[in-house]
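Just below is one structure, and these are the notes that go with it.
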Amino acid sequence: MDKNLIKAHITSETFKEGVKSFIEFARARSIRGVIACPCLRCCNVKHWDVGTCHGHILRYGFLPGYTNWSVHGETSEPLQPSRPSFVQNTTFGDDEIRSLVHDALGLTDENVGESSPKSHRRG
Ligand SMILES: [Zn+2]
């Protein structure tokens with residue numbers, strides 16, 4: 001919708017139409033009819049039912065600069081193509097993995113070699 005309506009003068013019909021549009025927008029996304037009040041006094045901090053908020057906005061004015069109604073469920077429009085820029089280059093060398101596996105299994109060179117004869121039979 002045209003959010004410039006909200007920027008119109010508070011007593012103008014344009015403003016009232018804009019507020020009505022906002023209320024309809026917020027009501028559809030409200031939780032049990034309760035929304036954050038974007039009037040100049042509540043500044044999206046306090047929560048009232050949509051009817052009370054409607055009255056607040058008409059009386060105190062719409063919070064200036066609140067054009068992206070993210071508080072009221074509007075998803076922010078992507079300004080730039082979303083592309084992950086946090087790709088990390090973490091590569092493990094094969095040798096590193098192999099040594100880790102050897103440590104885990106307890107494989108050492110000592111076990112691989114031939115066992116030295118210690119037992120001597122004597123009659
Ligand atoms: Zn309010």
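We count ligands from 1, going down the list as the structure has it; atoms in each ligand are counted the same way. These numbers come from a predicted model, not from an experiment.
Under the 4.0 Å criterion applied to side-chain N and carboxylate O atoms, K3 and E74 are assigned as salt-bridge partners.
Among the atoms of C42, an N, O or S atom falls under 2.8 Å from the Zn ion (ligand 1). At least one N/O/S atom of C39, whether from backbone or side chain, sits less than 2.8 Å from the Zn ion (ligand 1).
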task: I would like to know whether N44 and H72 meet side chain to side chain contact (heavy atoms under 4.5 Å, CB included); could you show each step before the answer?
output: CA-CA 9 Å; N44 281 332; H72 297 87; 3.2 Å; yes
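Counting just the N/O/S atoms of H56, the one with the shortest distance to the Zn ion (ligand 1) is named ND1.
Remark: R29 qualifies as a cation-pi partner of F25 under the 6.0 Å distance and 45° angle criteria applied to the six-membered ring.
The aromatic rings of W69 and Y66 sit tilted relative to each other, their planes meeting at an angle between 30° and 60°.
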